[in-house]
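To keep things clear, I will list the structure first and then write my remarks on it.
Bear in mind the structure is a predicted one, so any value in this text is a computation, not a measurement.
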Amino acid sequence: MAVANGSEEIEAGIEELNVNEKEEEEVENGGVEEGEDGEVKAKKKKKKKKKKKKTGGIAEQTEPPTVPLRCFFPDNVYPEGEIQHYTGNNENRISNEELREKERLEADLYNSVRKSSEVHRRVRQYMNTKIKPGIKLIDMCEQLENCNRTLVEAEGLKAGIAFPTGCSINHVAAHYTPNKGDDTVLQYDDVMKVDFGTHINGRIIDCAYTVSFNEKYDKLLEAVKDATNTGVKEAGIDARLNEIGEAIQEVMESYEVELDGKTYPVKAIRNLNGHSIGPYQIHAGKSVPIVKGGSGEKMDEGEFYAIETFGSTGKGYVREGLECSHYMKNFEVGHVPLRMPRAKQLLATIDRNFGTLAFCRRYLDRLGEEKYLMGLKNLVSSGIIDPYPPLCDIKGSYTAQFEHTIFLRPTCKEVLSRGDDF
């Protein structure tokens with residue numbers, strides 16, 4: 001994918017950083033000067049007040065952001081996520097020297113996913129100043145995605161956006177992003193799920209939160225946030241997936257919300273789940289339920305998980321509805337012969353720019369693809385591309401979502417996407 005707009009500002013910022021560092025080095029080394037008699041003498045060292053730089057990088061970010069994240073971390077070391085210690089039979093892992101050494105050998109992987117997590121935190125910090133009633137959802141998504149591309153320095157399949165920005169509203173729980181021509185505007189009484197991801201070398205950070213402006217929805221959001229934090233707490237090496245789901249449901253459904261004089265129990269949406277994450281694979285095979293029942297399979301060391309929960313004032317069950325915007329190449333698909341030339345051409349574009357990462361129609365528009373709907377339909381009917389339409393509870397209901405990506409390290413659990421906001 002193309003590098004974000006504002007490349008001149010990026011180069012200027014990096015150049016300023018290099019110049020400052022060079023000046024500081026010259027002052028520190030002293031240098032030489034020639035005296036009146038021609039004798040070469042050492043210059044007197046002058047103390048020069050160094051410019052303050054935020055988080056060790058250049059002074060500050062621009063508005064809108066045009067400076068990549070790496071410029072704020074010249075040592076290329078990114079902040080660790082929230083650490084939670086294992087309990088039970090795994091509580092001594094934190095002090096096991098062999099496991100610590102195992103982690104040291106994976107330092108590059110850890111640093112990479114932490115960088116992607118820091119991008120996510122900064123994107124949502126910026127967007128929270130922009131998400132207000134009256135904003136067009138398509139404009140909001142494009143602002144968020146441009147910021148994401150800039151900070152992570154999007155480059156083809158090496159780094160970039162992990163999946164389309166979800167901005168599902170009210171009874172729509174997931175998988176909605178506006179297609180071209182969709183002029184939906186965010187309203188004061190809307191409940192919107194903001195779900196977006198970043199990746200570096202296919203390692204995905206999947207994180208979501210819910211935005212509402214009317215305080216009457218606060219209990220709904222509180223219930224879902226509490227449930228997600230419960231899921232994060234219960235997750236760990238050897239944790240059983242069905243037990244995590246039961247704990248989530250118990251917390252979620254202990255809440256109720258009063259809307260316009262009527263009280264609604266908060267229901268966990270039983271056919272939506274968290275999931276394991278693999279390289280370039282957003283759903284890597286294991287599902288983390290948010291209700292009791294399901295698989296008794298265990299979580300394993302070294303796995304990444306998206307712990308996400310959804311609560312609803314409706315039936316607590318979603319169905320496909322509305323116009324489809326999300327698509328993704330089937331991770332398991334082999335070679336499938338195609339007769340339609342336009343489908344072949346479109347598949348080449350998808351392979352080159354997204355691989356097995358999810359994409360949406362807006363992304364194809366951005367790449368200059370035109371008149372591709374028949375080709376896309378052919379790829380779907382051939383089983384090469386899977387469609388992911390919006391998922392909806394009953395009309396008139398409200399849904400909320402919170403989600404974090406966790407990493408089951410050998411010694412501890414790291415909540416990679418945790419921030420000051422949630």
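- The minimum heavy-atom distance linking Leu379 with Ala343 is given by the pair CD2-O, 3.8 Å.
- Ser397 places no side-chain N or O within donor-acceptor distance of the main-chain N or O of Asp393, the cut-off being under 3.5 Å.
- Here Asn201 contributes atom CG and Leu157 contributes atom CG; the two are 10.0 Å apart, rounded to the nearest 0.5 Å.
- For the atom pair CG (Asn229) and CD (Gln84), the distance works out to 8.0 Å, reported to the nearest 0.5 Å.
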* **Check against side chain to side chain donor-acceptor pair (under 3.5 Å), Tyr86 and Asp238** => CA-CA 10 Å; Tyr86 297 129; Asp238 297 330; over 6 Å; no
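- A donor-acceptor contact shorter than 3.5 Å is absent between the side chain of Lys225 and the backbone of Leu220.
- Between Tyr217 and Tyr398, the ring planes are tilted. Angles from 30° to 60° get that label.
- A salt bridge is absent between Glu403 and Lys193: the closest approach of a Lys/Arg side-chain nitrogen to an acidic carboxylate oxygen does not fall below 4.0 angstrom.
- A salt bridge links Arg362 and Glu145; the closest N-O separation between the charged side-chain nitrogens and carboxylate oxygens is under 4.0 Å.
- No donor-acceptor pair under 3.5 Å is formed between the side chain of Ser382 and the backbone N or O of Ile384.
- Looking at Tyr126 and Asn148, their side chains never bring a donor and an acceptor atom within 3.5 Å of each other.
- Checked for salt-bridge contact, Glu256 and Lys219 miss the test: no charged N lies under 4.0 Å from a carboxylate O.
- Geometrically, Arg203 does not engage Tyr280 in a cation-pi contact, judged by NZ or CZ lying under 6.0 Å from the ring centre and within 45° of the ring axis.
- Salt-bridge check for Glu253 with Lys267: failed, with every basic side-chain N at 4.0 Å or more from each acidic carboxylate O.
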* **Worked check of side-chain contact (heavy atoms from CB on, under 4.5 Å) between Glu91 and His85** => CA-CA 7 Å; Glu91 64 182 356; His85 299 308; over 6 Å; no
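- A heavy-atom distance below 4.5 Å is not found between the side chains of Thr177 and Arg361.
- Gln143 CD to Ile138 CD1: the interatomic distance, rounded to the nearest 0.5 Å, is 12.0 Å.
- The CG atom of Leu241 sits 8.0 Å away from atom OG of Ser287, with the distance rounded to the nearest 0.5 Å.
- The backbone N or O of Asn76 lies less than 3.5 Å from no partner atom in the side chain of Lys115, so there is not a single donor-acceptor pair.
- A donor-acceptor pair shorter than 3.5 Å can be found between the side chains of Glu103 and Thr411.
- For Phe163 and Phe359, the distance between ring centers is not under 6.0 angstrom.
- At a cut-off of 3.5 Å, with distance as the only test, a side-chain donor of Asp365 or Tyr372 sits close to an acceptor on the other residue.
- Taking the charged nitrogens against the carboxylate oxygens, Glu101 and Arg104 do have a contact shorter than 4.0 Å, which makes a salt bridge.
- A donor-acceptor pair under 3.5 Å links the side-chain atoms of Asn271 to the main chain of Val318, judged by distance alone.
- No side-chain heavy atom of Val152 sits under 4.5 Å from any side-chain heavy atom of Leu69.
- You'll find the side chain of Leu376 reaches within 4.5 Å of the side chain of Tyr327, heavy atoms only.
- Counting heavy atoms of neighbouring residues, nucleotides and ligands inside a 6.0 Å radius, atom NZ of Lys216 exceeds 12 of them.
- Distance alone, capped at 3.5 Å, is enough to place a donor-acceptor pair between the Asp190 side chain and the Gln187 backbone.
- At least one donor-acceptor pair closer than 3.5 Å links the side chain of Asn128 to the backbone N or O of Arg124.
- A side-chain donor-acceptor contact under 3.5 Å links Thr399 to the backbone of Asn170.
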* Report the C-alpha distance between Phe402 and Tyr209 in whole Å, list the side-chain angles of each, state the deciding distance to 0.1 Å, and finish with yes or no for ring pair (Phe, Tyr, Trp, His ring centres under 6.0 Å). => CA-CA 4 Å; Phe402 282 90; Tyr209 61 106; 7.3 Å; no
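- Ion pairing between Asp351 and Lys329 holds under the 4.0 Å rule for side-chain N and carboxylate O.
- A salt bridge between Arg418 and Glu82 is present, with a side-chain N of the basic residue lying under 4.0 Å from a carboxylate O of the acidic one.
- Ion pairing between Glu106 and Arg409 fails under the 4.0 Å rule for side-chain N and carboxylate O.
- Residue Val123 is tested with Gln125, Met127, His120 for a side chain to side chain contact (heavy atoms under 4.5 Å, CB included); the sole match is Met127.
- Applying the ring pair (Phe, Tyr, Trp, His ring centres under 6.0 Å) rule to Tyr78 yields the partners Phe73; only residues at least two apart in sequence or on another chain are considered.
- Under a 4.0 Å N-O distance rule, the pair Glu155/Lys158 qualifies as a salt bridge.
- Other residues, nucleotides and ligands place more than 12 heavy atoms under 6.0 Å from the CD atom of Glu63.
- Considering all non-hydrogen atoms of both residues, Ala223 and Val266 come closest at CB-CG1, 4.0 Å.
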* **Derivation and outcome, salt bridge (charged side-chain N to carboxylate O under 4.0 Å, His left out), residues Glu297 and Arg240** => CA-CA 6 Å; Glu297 193 174 8; Arg240 293 190 181 276; over 6 Å; no
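- Within 6.0 Å of CG in Asp75 there are more than 12 heavy atoms belonging to other residues, nucleotides or ligands.
- Between the side chain of Thr405 and the main chain of Asp206, a donor-acceptor pair closer than 3.5 Å is present.
- Note: Phe304 and Phe407 meet the aromatic proximity criterion, with ring centroids under 6.0 Å apart.
- Asn146 contributes a side-chain N or O that, together with a main-chain N or O of Glu142, makes up a donor-acceptor pair within less than 3.5 Å.
- Applying the side chain to side chain donor-acceptor pair (under 3.5 Å) test to pairs two or more places apart or on separate chains, those with a residue in residues 299-308 are Arg93-Glu301, Lys102-Glu301, His275-Glu308, Lys286-Asp300, Lys286-Glu303, Glu303-Tyr305, Glu308-Gln401.
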* Mind running side-chain contact (heavy atoms from CB on, under 4.5 Å) on Leu272 and Leu391 for me, showing each step along the way? => CA-CA 9 Å; Leu272 291 178; Leu391 300 172; 3.6 Å; yes
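- Remark: the Thr309 side chain and the Thr228 side chain contain an N/O donor-acceptor pair separated by less than 3.5 Å.
- Within the 4.5 Å cutoff, the side chain of Ile290 has no heavy atoms near those of the Asn273 side chain.
- In this structure, Asp182 has no salt bridge (charged side-chain N to carboxylate O under 4.0 Å, His left out) partners at least two apart in sequence or on a different chain.
- In summary, Glu118 and Arg122 engage in a salt bridge, as defined by a charged side-chain N under 4.0 Å from a carboxylate O.
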